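Just so you know, ligand 1 is whichever comes first in the structure, and atom 1 is the first atom listed for that ligand. Bear in mind that the values here come from a model prediction, so they are computed numbers and not experimental data.
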Amino acid sequence: MQGIGFRPAVYRLASGLGLTGFVYNDTRGVTIEVQGSVERINKFAERLKTGKDLPVLADIKTIHLEDIETVQGDAGFVIRQSKTDGTVLSQVTADIAACTDCLREMQDKNDFRYRYPFINCTNCGPRYSIVKTIPYDRPNTTMSVFKMCDKCATQYKDVGDRRFHAQPVACPVCGPKISLCDNTGGIIEQDSNKAITRTAKMLLAGKIVAIKGIGGFHLAVNALDNQAVLRLRQRKKRDAKPFAMMADSVEKIRRYAVVDELTERILKSPESPIVLVPKKADCGLAPAVAEGVNTFGFMLCYAPLHRLLFAPPPRLASGDAGAGEGLDVLVMTSGNISDEPLICRNDEALEKLGRVTDAFLTHDRQIYRQVDDSIVHFIDGQPVLLRRARGYVPTPITTENNCEKDIFAAGSDLKNTFCYVKANQVIVSEHIGDMEDASVYHHYVNSVKHLAGLFEVKPHVAVCDLHPGYLSSRYAASLDGVELIKVQHHWAHIASVLAEHGLDEKVIGLECDGTGYGTDGAIWGCECLIADLEDFERFGHLMYYPLAGGDLAVKEAIRPVLGLLSQAYDSEFELSKFGWLLEKIEPNVEKQKLILQQTQKQVNTVNTSSLGRVFDAVAAMAGLGGYNNFEAQLPMALEASTTQGLDECYDFEIIEDEGQLLDLRPMIRQIVTDIRQQTPVENISAKFHNGLAAGLLALAKKARKTTGLDKVALSGGVFCNRYLANRLIRLLKQDDFDVLFNRFVPSNDGGISLGQAAIAAKKISQS
Ligand SMILES: [Zn+2]
Ligand SMILES: [Zn+2]
């Protein structure tokens, strides 16, 4: 790993043992030559392996030891300059939250970095977000424009110092500076302390402030002020999607949400992600922060600047009361407009966020790469990444085998990530976003090139989704001189689970997803695959139902509702009989008629086994709304309304046709009956989730009977639903299945690129 203080630690260890020689970083890793008695050299190697003398972020993957016949006797031990030649096999590290040592210094009035918002050391601070190219040295970062002062330079050069070769090292004299500007860029305040104090005051007064952090801008607003939160929603054009929040202590988060020990550990981890935690009822937070979900997304302050914003402001002068009470909890949502990429440049922020924000708390350290906050939630009691970005990227996954050719995996078009394979490293990109937005596609192309540069990857093989319309697939196909492999979407999902667990064997894959292009041209979504990395077979799936309207079907719930009802009631289905149910979903009767005609005559209609759309339909029929303002709004509302502890379930059938078909027609009819009888939505939702879990278990049991396999891999976006995932995992385990699921990459389409890469690597190994 680069930039975590490894070489100084080696220096201290070697000098301490009286050994001579040298250490240097090159692009393949760290090379150490030590000279001295065999006994001491062995001791050195021993202590290197235990890791006790190494920096907290060090994680040695492999050590290769070699005797050297002839050495030039060195007088002492030295750290040599980084070398740039050779193959890149070392890691560029992720951005790391401010460490406790730095935070202590920042609060120390006698320290020359007292209240300095950019304090960092080799154990913490920005990395990936400021690196332009390798090796990770100051001239190759956005810190190159700041000339170190004598004090900083002394620490930077002192091998015994915590800041030895800490590339972003800086202080109030020589480093980046804060300024507070109005929404047109006019300077309000340039003194760091005054700017921060004024920002806190503005936020307490209900203002919106855009704050430049590590990976981009956040839009901040007081999370206790509902009017302010509503104003942010309106200005950001974000109607309903829950906002993430930030606090400066776990104790504060506990006032509003349930935080157990594991959650606390993750909140406080160096990666410092957003963690989804169960809401406390009537906790006093602005309702507009997160409606229609049962969790809050919380993170702790991770940049020193965040800490200062929350810290009780010092009295700036006699007679100044400071900001009074400090901030409690802030909404800290991504600084972007609707689904565009996160904004990280000052000029772009001014242009695009000027209409949204009342002020900018900004600084002059350039963010080279925008990196979103990562999101973690819990499945089966284990932390699982829902969005993998800041703190986790670009740390590679290392594999047992070396891949002979470099691979580029293009990913999926929604929640895109892409992935590279180089030798034994699998490097999954940060969350890029939904490609339907042109600026996201542009960001994708830039990111693909940048990451290739950082890891010096030259792909000979590209792998992409089977979907002919995906922009990611087209991009992969456009690469010159590269062999192209196409992989079915849901197979890639299951392969991502295999890759994470280092498995290369056949499993029963249960895949529950929105939509993906199938090998038969239909839109698949709920699949039971018998799969390994070499091939897959479609053992069963959700019975196809007709879905009218292409892209609109993802938004308008009336479309899957009419598809499922007309299938469940067949010739008995008439709009007039169901008016009572349909009017709350789509009041326009003419539109209902038109969509039904389309559905029945198969005009602009696809056959699909999408489970995501079934969730949309059930949520809509149960009265939770008729439209997804953001992806999975209706399914999330359905999950949030589920009664815990109810074991009843709706019926399903497994029909043997071409494969095993999961038939939900009985379930749909029972749901309609329950709604007519005004059964509470909490119970309908529980019975629906339970019925699905039972149906999926039944499919898995059939597959086990046929194949003898008992390992089940779960993947797909629907497994972001904690109730369904937890229940199904419990049922499978009770039935003696060995259950695997995604943890390191999201089970949604953010994990697709890893699965594609694993399948391509397998293919290369066989050729
Ligand atoms: Zn530090
Ligand atoms: Zn300095």
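Side chains of Tyr392 and Glu430: a donor-acceptor N/O pair is absent below 3.5 angstrom, by distance only. With 3.5 Å as the limit, one finds no donor-acceptor pair spanning the side chains of Lys207 and Asn222.
Considering the Zn ion (ligand 1) as centre, the angle to SG of Cys124 and to SG of Cys99 is 110° (10° rounding). Of the angles at the Zn ion (ligand 1), the one spanning SG of Cys121 and SG of Cys102 is 100° when given to 10°.
For the pair Arg390 and Tyr302, the cation-pi criterion (under 6.0 Å, within 45° of the ring axis) is fulfilled.
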Is there a side-chain hydrogen bond (donor to acceptor under 3.5 Å, both in side chains) between Ser447 and Arg369? Walk through the geometry before answering. CA-CA 8 Å; Ser447 308; Arg369 291 285 312 158; 3.0 Å; yes
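Between the side chain of Asp372 and the main chain of Gln370, no donor-acceptor pair closer than 3.5 Å is present. Side-chain atoms of His363 come within 3.5 Å of backbone atoms of Arg365 as a donor-acceptor pair (strictly under, hydrogens ignored).
For the Zn ion (ligand 2), protein N/O/S neighbours under 2.8 Å (waters excluded) are Cys149 SG, Cys152 SG, Cys171 SG, Cys174 SG.
By the 30° and 60° cut-offs, the orientation of the rings of Tyr128 relative to His450 is tilted.
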